[in-house]
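Down below is the structure, laid out as C-alpha cells.
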Amino acid sequence: MNDYNFAYLDEQTKRMIRRAILKGLAIPGYQVPFASREMPMPFGWGTGGVQVSAATLTPEDVFKVIDQGADDTTNAVSIRKFFQATAGVDTTEETDKATVIQTRHRIPEAALNEDQILVYQVPIPEPLRFLEPRETETRKMHSLEEYGLMHVKLYEDIARHGAIATAYAYPVKVEGRYVMDPSPIPKFDNPKMTMPAIQLFGAGREQRIYALPPYTEVVSLDFEDYPFEASKADHSCELCGADDSYLDEVIVDDQGGRIFVCSDTAYCASRQTALQDAAAAQHEEISA
Amino acid sequence: MYVAVKGGERAIDNAHAWLGEERRGDHDVSELSVAQIRKQLSLAVNRVMAEGSLYDPDLAALAIKQARGDMIEAIFLIRAYRTTLPRFAGSEPIATEKMACDRRISATFKDVPGGQILGPTFDYTHRLLDFKLAAEGGLTDAPEGDAQPGDVPHVLSFLDGEGLIQQEKQGAETPPDLTREPMELPANRPLRLQSLARGDEGFLLSLAYSTQRGYARNHAFVGELRIGDVPVEVDIPELGFAIEIGDITVTECETVNQFTGSKTEPAHFTRGYGLVFGMSERKAISMALVDRALRWEELGEDNLGAAAQDEEFVLSHCDNIQATGFLEHIKLPHYVDFQSELELVRKLRRDTMAGAGNTHAQEAAE
Amino acid sequence: MLATATSTSAMQGGFKDVPTEAARQFRAIMNAIARPGRIETLDGATPPAPMSVAAGVMVLTLCDPDTGLHLAGDHDTPNIRAWVQFHTGAPIVPAEDADFAIGRWDALAPLTTYAIGTPEYPDRSATLIVEMDALSSTGAILTGPGIKDTARLSLPETDAFLRNALLFPLGLDFFFCADTRLASLPRTTKVTKGGAS
C-alpha cells in the first residue's frame with residue numbers, strides 16, 4: 001500500500017472533506033454536500049465513514065472500528081486493516097483507549113470523552129427520504145424547516161400501532177433546527193448523542209457529511225402523550241450480566257432456545273475481565 | 001456456555017485465497033493473459049473503460065481478469081484506481097468531425113457525403129453459434145480499402161444548414177465535473193451527459209427502450225452513428241498552444257427526434273446526443289435517447305411522468321457502482337437493527353393482544 | 001525581477017511533510033470550531049509578515065485551487081500572494097467571492113460583503129480568519145453547541161457576532177489567530193458581553 005498517500009486519499013480530496021467537516025460542525029445537523037470519491041470498498045459498506053476517518057486521522061491516533069457494536073465483525077475487520085495499512089495507525093478494541101472510533105449501527109456503551117471522535121457510517125443521510133424520495137423536495141423542506149411530513153408519519157404510526165413504529169434510525173432534532181438521521185443506530189442509543197465527543201457522519205454514496213459538536217442538543221422526535229422511549233430487550237447479558245447495555249438475541253438451538261448478549265463486545269469483555277479479577281481476588285482472600 | 005464466534009480476520013483471508021484459486025481455475029488450462037483479453041474481448045474492455053471513466057485498455061483488461069469477468073466488479077476496480085490519480089490537465093474538446101471512422105452510418109439518409117461505412121459490426125451476422133470457432137479458432141483476414149482523407153462532416157450539420165434541426169449552441173461555461181463536485185439537482189445538460197456517459201449500459205438500454213415503447217416517446221432516428229479514433233489535445237500554457245497527446249476510440253450517436261415548432265417558431269427537428277469511450281454503440285444510442293427524453297422541459301414538452309424524463313430518478317440511479325454497493329450492502333450484518341425491530345414488533349403484539357393497541361388506535365384516530 | 005525575488009521566499013514556509021502535518025493541524029482546527037472559545041496551538045507554517053503562523057497553517061491546511069481566498073488590508077501584499085499561490089494555488093478573490101478571508105478585524109469589514117449561504121445551501125458561506133494581537137479566554141461569554149456550560153474569548157467586539165448568530169442557519173464562521181494560537185466562533189455560538197474575568 002506504500003504507493004498510496006497517508007490515509008489513502010490524496011491531499012486535495014482530504015482538504016475538500018475537511019472543509020465539509022468544518023461546515024458540518026458550524027451548522028449542526030445540516031447535511032453538507034461533498035464530492036465523495038470511489039473508495040476501494042463498495043458504496044454502502046462504509047465509504048462515507050472511511051473518507052471522514054481518512055480526513056481526520058493523524059499518525060498518533062489510536063483507531064477502533066465497530067460494526068453492530070462488535071470489533072470482530074468482518075466489515076469492521078476489513079476497515080481496520082485498511083487504515084492499519086494506509087495510515088499506519090495503532091488500533092485497539094478498547095473503547096477508552098481509542099481516539100477515533102468508526103462505527104456502523106451502534107454507539108459504544110462506555111461514555112465517550114472530550115478527546116474522542118466518533119465517526120458514523122451512514123447509508124441514507126436524509127431523514128425525510130422515505131417520506132419524500134426527491135432530494136430537490138427534501139432540500140426545500142429543510143430550508144423552510146418544514147417537518148410536518150415527519151410528524152404526520154409518526155402520528156400515523158401511533159394511529160395504526162399504538163406506538164411510534166420506528167426502532168432504529170429514529171429521527172432527531174438538532175439544536176431545535178435541523179431534523180437529522182442519526183444513522184441506523186437502535187433508538188436505545190439516541191439519548192447518548194448529547195455527549196462530550198465530536199460526532200461526524202459520513203454518507204459516501206449519497207455524498208453528504210454532517211456533524212455534531214460536543215454537547216449539542218439532540219432530541220428524539222416524539223409527542224407529549226407518546227414520549228420517546230429508548231428500549232432494549234428486557235434481559236441481562238448472559239456473559240457479563242449487564243442489564244444496562246443493548247443486547248443481541250442469539251438463537252442457541254432449534255427448540256426456540258435463545259440467550260441475550262451484549263452487542264458492544266468491548267464493553268462485555270471489560271466487564272467479564274472485571275468479574276474474573278474480582279472473583280480471583282476473592283479467591284486469594286479466602287485462601288489467605 | 002455460549003461463546004461468541006470470532007475469527008473474522010481469518011475468515012476474510014481464507015475467503016480471499018479461495019477467490020484467487022477460483023479466478024485462476026483449472027491449472028491444466030493455460031492462464032489468460034491481459035493482452036489476450038485486451039485484443040480478443042475488446043468490447044468488454046470498452047465497456048469497462050466507458051463506465052469506469054478511464055481510457056486505458058490495458059488496465060481495463062487487467063480489471064476484467066481480476067474480476068473473473070464480472071463487468072461491474074471490473075468497472076469498480078477501475079473507478080477506485082482512477083480516483084487516486086492526480087490531474088495534470090484538462091483536454092480541449094475532442095473534434096469528432098476529425099474522426100478516422102471505422103464505422104459510420106446514418107438511418108435518415110440513403111447516402112451522405114463521406115459515405116456509409118458499415119465497419120466491424122454484428123448487425124447482419126446471423127446469430128448462429130460458430131462451432132468452428134470452438135474447434136479451430138478463427139483466423140480471418142478482412143479485405144482492406146484506403147482510408148478516406150480529410151474530415152468527415154456530421155450528418156446533422158446538413159439539416160443544421162437548412163435550419164431544419166434545433167441548434168446546439170456552444171456554452172461559454174466550463175462544464176461541471178461529476179467526479180470532483182457533488183451532484184447538484186436540478187442538473188444542467190453537461191452534468192446529465194457526464195452522468196449518462198458513465199452510467200450503466202443495461203439501465204440506459206432499458207430506459208431508452210421504454211421511451212420507444214411509449215413512455216415519453218420521442219420518435220428517435222439514428223441521424224448518425226460513428227465509431228473511430230479522434231486525437232486528444234491538451235493546451236500547454238508554457239507553449240501557448242495545444243499539442244496532441246494521443247488518440248482515443250469513441251462512439252458518437254446523434255439522433256434526429258420529433259419535430260417541434262409553433263406559430264412564432266418554424267417547425268424543426270430536435271436531437272439527442274450520446275458519446276461513449278470505445279466501440280460501445282448500444283450504449284451510445286441508449287444515451288442519446290435518454291438524453292433526448294430528459295430534455296422535455298428545455299424543449300417545451302409535457303412531463304408525462306415517464307421514468308426516462310425524470311432527471312433526478314435517472315441520475316440518482318444510473319451509476320452501477322453506487323447501485324451495486326448499496327444493493328449488496330444488505331448482505332452485511334444488520335442484526336442490531338433487526339433486534340430493535342424484533343423488540344418493537346413483540347411489544348406491539350403484546351399491546352394488541354392485551355387490547356391496549358385498539359384503545360390507543362382509537363384515541364389517536366379521534 | 002520582483003517575481004524572482006519573491007518566489008524564493010514564497011517557496012519556503014510550508015509544511016515539511018504535507019500529509020501528516022496537514023492531518024495534525026486539521027485536528028487542531030477542527031477541535032477549535034467544535035469547541036468554540038477553546039484556544040488551540042498550530043505550527044508548521046511560516047508565512048510572510050504580517051500573516052500569523054496560525055493563519056498560515058489555516059491556509060496551508062484548507063485552501064487550494066478550489067477555494068477563493070480574500071486578503072484584506074495589510075495582508076494583501078505581493079509576498080503573501082506569492083506564498084499563497086506557491087503553496088496552495090488558491091485564487092485571490094474579492095470579499096464577495098471568498099470562501100476564506102484573512103485580515104485584521106477592521107480590514108475585513110464590512111461583514112455584509114461576504115457570502116452567508118442560502119437557505120438550501122447554508123454551507124456556501126465564507127469563513128473569516130481574523131488576525132489578532134493576542135487571544136485569551138477572557139471577555140465575551142459564549143454559549144451554544146460545543147460548549148458544555150459557558151466559555152470566554154477575547155473577541156474584537158460582540159455586536160457583530162450577535163447579529164451573525166441571528167442569521168442561523170445562514171451566517172459566517174470565524175477563526176481568530178494570534179501568533180500560533182487559534183480559536184473559533186461558528187455561527188451557532190451565542191455571545192454576550194462579559195465583565196472582567
Side-chain angles (χ1 to χ4, degrees), chain A residues 5-7 9-12 14-35 54-61 87-88 99-100 114-115 117 136 139-140 142-145 174-175 177-178 194 196-200 209 211-218, chain C residues 15 17-36 38 58 60-67 88-90 99-100 117-127 143-149 151 168-175 184-190:
Chain A
N5 196 21
F6 171 74
L9 294 172
D10 61 279
E11 288 307 297
Q12 194 168 356
K14 279 191 266 183
R15 273 192 299 272
M16 176 270 296
I17 296 169
R18 286 169 179 159
R19 291 192 294 261
I21 291 173
L22 296 184
K23 284 296 172 202
L25 286 164
I27 317 166
Y30 166 74
Q31 304 161 49
V32 185
F34 83 111
T56 305
L57 282 171
T58 69
E60 293 73 38
D61 272 313
T99 53
V100 178
E114 284 217 352
D115 299 321
I117 297 168
T136 39
R139 184 163 288 282
K140 256 181 247 155
H142 284 294
S143 76
L144 300 169
E145 211 177 340
V174 178
E175 285 287 328
R177 178 56 180 82
Y178 285 103
T194 300
I198 294 173
Q199 297 170 81
L200 305 175
I209 284 172
L212 296 172
Y215 310 111
T216 299
E217 183 194 75
V218 179
Chain C
F15 289 143
D17 179 49
V18 173
T20 54
E21 272 312 291
R24 291 187 185 104
Q25 301 307 314
F26 172 69
R27 274 291 275 283
I29 295 167
M30 178 172 86
N31 275 329
I33 200 169
R35 298 183 172 82
R38 184 156 116 174
M58 290 278 303
L60 294 185
T61 308
L62 298 171
C63 295
D64 58 30
D66 292 337
T67 56
T88 73
D99 294 300
F100 293 91
T118 67
E120 273 88 20
Y121 294 95
D123 55 308
R124 294 180 181 174
S125 52
T127 299
T143 57
I147 302 167
K148 192 176 181 194
D149 300 309
F168 186 84
L170 311 191
L172 304 172
D173 305 307
F174 298 89
F175 285 89
S184 175
L185 194 88
R187 64 193 77 178
T188 47
T189 306
K190 283 121 206 134

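Heavy atoms only: backbone and side chains are in, while hydrogens, waters and symmetry mates are out. Convention: sequence-line order gives letters A, B, ...; per-chain numbering from 1.
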Under 4.5 Å to a heavy atom of chain C? For A:Val100 that would be side chain

Does any non-hydrogen side-chain atom of C:Arg24 lie less than 4.5 Å from one of A:Pro59?
yes

Contact between C:Thr118 and A:Ser143 at the side-chain level, heavy atoms closer than 4.5 Å - yes or no?
no

Please flag which part of A:Ile17 lies under 4.5 Å from any non-hydrogen atom of chain C: side chain, backbone, both or neither.
neither

Strictly distance-based, threshold 3.5 Å: is any side-chain N or O of A:Lys23 a donor or acceptor partner for the main-chain N or O of C:Ser125?
yes

Is the shortest side-chain N to carboxylate O distance from A:Arg19 to C:Asp64 below 4.0 Å?
yes

For A:Ala55 and C:Phe26, work out which heavy atoms get closest and say how close.
O-CD2, 3.5 Å

Spatial distance of atom CD (A:Glu11) from atom CG (C:Leu60) [nearest 0.5 Å]
11.5 Å

Distance-minimising heavy-atom pair for A:Ile198 and C:Asn31:
CD1-OD1, 3.5 Å

Is it the backbone or the side chain of C:Leu185 that comes under 4.5 Å from a heavy atom of chain A, or both, or neither?
neither

One option among C:Gly144, C:Pro186, C:Cys63 has the most heavy-atom pairs under 4.5 Å with chain A, and it is C:Cys63

Quick check on A:Glu114 against chain C: is it the side chain, the backbone, both or neither that has a heavy atom closer than 4.5 Å?
both

Which heavy atom of A:Ile117 sits nearest to which heavy atom of C:Met30, and what is that distance?
CD1-CE, 3.3 Å

Distance col, row A:Glu175:CD vs C:Phe168:CZ, nearest 0.5 angstrom, shows 7.5 Å

Tell me, for C:Leu172 versus chain A, whether the close heavy atoms (under 4.5 Å) come from the side chain, the backbone, both or neither.
neither

Is it the side chain or the backbone of C:Arg27 that comes within 4.5 Å of chain A heavy atoms, both, or neither?
side chain

Given C:Thr127, C:Asp173, C:Leu62, the one that forms side-chain contact (heavy atoms from CB on, under 4.5 Å) with A:Leu22:
C:Leu62

Would you mind checking which part of C:Tyr121 comes under 4.5 Å of any heavy atom in chain A, side chain (CB onward), backbone (N, CA, C, O), both or neither?
both

Choice from A:Asp61, A:Leu212, A:Val32, A:Leu9 maximising heavy atom contacts with chain C below 4.5 Å
A:Asp61

For a 4.5 angstrom cut-off between non-hydrogen side-chain atoms, does A:Arg15 reach C:Thr67?
no

Could you pull out the closest heavy-atom pair between C:Arg35 and A:Pro196, with the gap in Å?
NH2-O, 3.3 Å

Select one option (side chain, backbone, both, neither) describing which atoms of A:Arg18 are under 4.5 Å from chain C's heavy atoms.
both

Got a second to check how far A:Lys14's NZ is from C:Thr61's OG1, nearest 0.5 Å?
11.5 Å

Please examine the side chains of A:Tyr30 and C:Pro122, heavy atoms only from C-beta on, and report whether any two atoms are closer than 4.5 Å.
yes

Tightest non-hydrogen contact, residues C:Ala23 and A:Thr58, listed as O-CG2, 3.5 Å

Among A:Pro214, A:Ala7, A:Pro213, residue most engaged with chain C (heavy-atom pairs, under 4.5 Å):
A:Pro214

Side chain, backbone, both or neither: which part of A:Ile21 has a non-hydrogen atom closer than 4.5 Å to chain C?
side chain

Contact summary for C:Pro19 and A:Phe6, nearest pair of heavy atoms:
CB-CB, 3.7 Å

